[in-house]
Visitor: 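Quick one: the structure is below, questions incoming.
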Amino acid sequence: MVTPNSFLNYYSGKLNVIDDSNAELILEPNEDIKGIFKKLKEEFGFIMLIDIFGLDLLKKKSFDPQNERRFQVVYILLNMEMHLRLRVVVNVDVEKNEVLPSCRDLWAAAHWCEREIWEMFGISFGTESEKRLLSVSGLKGFPFRKDFSFNGLDESLDSEESIFENITDVPKYKLNLVDSFSIGPIHPALKGSMKLHLQIEGDGILNSQLEVGYLHRSIEKLCEEKLYTQIIPLTDRLNFFSAASNNIGWCKAVEDLVNIEISDKAKAMRMVASELARVSDHTQCIGSIARAVGMFEPIQLSISIKEIVSSLFERLCGSRFNSSISRIGGMSVEVPSGWVNDCLTTLKVISKKVDEIDTHLTRSTLWIERLRTTTLNAYDAIDLGITGPNLRACGVNYDIRKVSPYYFYEDVEFEIPLGINGDCYDRYLVRIEEIRQSLKIISQVLDSLPLGKMCVDKLKTELDLNPLNFAPNLCEGYSMTETPNGELGFFISSDGENRPYRVKIKGPSFFSAQAFSSMLENTKVNDAMISLCSMNIVAGEVDR
Amino acid sequence: MAREADGLSFLQTQGPEGIDKLALTTRADSFLEKFDNWVQSHSIVPFVFDTACCSLEYGWHFNDQFAHDSFSPEQIEACDSDLLLIGGTINLKTYPLIRKTYEQMPKKKWVVAIGACPMSGGPFPSYNVVKDVSKDIPVDIFIPGCPPTPQDIMDGMKLLKQRIEMGVMASGNS
Ligand code: SF4
């Protein structure tokens, strides 16, 4: 039996314990990294890889180029039983051609992360990782390095790679049935632009691949040039269907970094805003599945729910979608008078409409038949790093609101719906139930909305909260919230300046998109769009 | 026979000089143009190039033109449409695509750019985002906002209609 203690004792010398559920382990590349990871996974139960990212230390004040290695690769691992998060930091020197071992065979989720680190930092994980993922082909240099400057594209580097390898295991007489085609990047069923390549035989799918990068705006790089407050609107554009929960996630990450305790009222309103965002995100996901199936009524209902929620946001903060509602240390707005009452009344309307969607869909035979595809089992889902409703649809009970509750999620009453089979239908069921639970949370919070101010009192912290001067001390930290799509995490590394040194955004859709690339095998072409919609992959979050 | 001599035969009215005799204007080609533009303004076929967040506001209104589970490549639609709606961030990877789409459209075409992103890169002054699409694609109407409200988009569309009725298009200038 592994206990936190046995784990702590094993690594006692090297481990930095940050708090109850976070620890840090620093490795050098000449150690047996692969062996350590294997031990961590198999003996200490770190079965999920949350994220891998790179860090360029060149411009850090404390960096000493003679004795230190310039790059760091940070792995964030999760032990789901003990709720323990481990940050493994590996120092690398690219100039000396150090190649890190790929841990794709331990965690399948690592593949795209490694590709991203290779194209952004030039840190190699072996040949498999040396393929472009997000950036445009022909880009010179490695954009996330601190000394990168953009000077045009190099056309000669442009190479047309064939997407699918030639297949060999199909009998010869069937070969003329094999065909391949692509959907996108502009297609109304896609949320943002991405491209889906399919290789088919008849109407069965042999191989599929999701090509991303069509919406890569390099938000993480931009964050390094912006003030902490200026980043809030950028985070809105990650998952643009539920903007409020993204910027709440960012503000929470910054507040966790500098230990600001926000007021009770702000906490409550943040919960309300992020649950409202969850309602609208889930309804639009269900609406998009209904579109792909070709049902009319549910689409109209989901549009009307989205309308209602966006008008609530408009009354609250003046903006319908990209609301930028939260600020570091509180919220941007006071609650307008009468808004709470309005919200409580509209909740009833929404809940009626959700019931209506439910009666239209849940028991409809057409719906069930079309949606019983693309099964994902729990083991694969964890291996691929999927979080959120897509993971819970496979039957894994993991919700950050429950396991490491923030704000008042401990005090409100709500349940976590779980699926059984992990197919599209379960994903739909989980989402529609989560809408109901969200409505329940909102009404509980609004019923007992605490009094007080929305923003932190200036006297309470010794930090200067003026946006221009706001500068955390030298520190770094990872903090996560449960957004509609799953775990949205922000890693912030600060150098004591008023701009972050490095920000890494862990978007849940990134891992769903990676998983989706391999999920479609042995399904029908007809089901491709339904599955894609049910995974709710939003390009803004994948590409960032 | 006699009537034929002083009136117009059917065949004559079909010629380019014929129809203006029936027209209520003095300048022949202006009537044809007017008629043409009037027809245009009522039968516009939009091609929606929505990549990002801006599609939230109008996506649901314009997108119904596509059969949803049809897998026809989008380029076919681009050939048949005469209005290009650009909504959302254009980055280096999508830029060649949008230029190709634009070239494939027929000669008579209008372009509307929705949102701050196609105008100026919006909130993303980064290496990967195209700062101004109008360098290569002449844009008729810019609708600012991040994202623009539905009202803004409606106003922009009204302006576009006026332009179409007058037969003005940005693509003609280049
Ligand atoms: S203009 Fe604003 S809302 Fe529109 S795509 Fe750009 S960032 Fe998104």
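Please read these numbers as outputs of a predicted model, since none were measured by experiment.
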Visitor: Highest number of heavy-atom pairs under 4.5 Å with chain B: which of A/His216, A/Lys221, A/Arg237?
Guide: A/His216
Visitor: Does A/Asp527 have any side-chain hydrogen bond (donor to acceptor under 3.5 Å, both in side chains) partners at least two apart in sequence or in another chain, and if so, which?
Guide: none
Visitor: Quick check for you: to the nearest 0.5 Å, what is the distance between A/Ser218 atom OG and B/Leu92 atom CG?
Guide: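 So the gap between those two atoms works out to 10.0 Å.
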Visitor: Does the side chain of B/Lys93 come within less than 4.5 Å of A/Lys195's, by heavy atoms?
Guide: no
Visitor: For A/Ile219, is it the side chain, the backbone, both, or neither that has a heavy atom closer than 4.5 Å to a heavy atom of chain B?
Guide: side chain
Visitor: Looking at every heavy atom in both B/Asn91 and A/Gly213, which two are closest together, and how far apart are they?
Guide: ND2-O, 3.2 Å
Visitor: Within the 4.5 Å heavy-atom criterion, are A/Arg217 and B/Pro123 side-chain neighbours or not?
Guide: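 They are not in contact (no side-chain heavy atoms under 4.5 Å apart), so the answer is no.
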Visitor: At their closest point, which heavy atom of A/Tyr214 faces which heavy atom of B/Leu97, and how far apart are they?
Guide: CE2-CD1, 4.0 Å
Visitor: Could you pull out all residues at least two apart from A/Thr373 that satisfy side-chain hydrogen bond (donor to acceptor under 3.5 Å, both in side chains)?
Guide: none
Visitor: Among residues 127-136 of chain B, which ones touch chain A with a heavy-atom distance under 4.5 Å?
Guide: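 Only B/Tyr127, B/Asn128, B/Val129 of residues 127-136 of chain B have a heavy atom under 4.5 Å from chain A.
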Visitor: Less than 4.5 Å to any heavy atom of chain B: does that hold for the side chain of A/Leu222, its backbone, both, or neither?
Guide: side chain
Visitor: What parts of residues 536-544 of chain A touch chain B if we use heavy atoms and a cut-off under 4.5 Å?
Guide: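 The stretch does not come within 4.5 Å of chain B.
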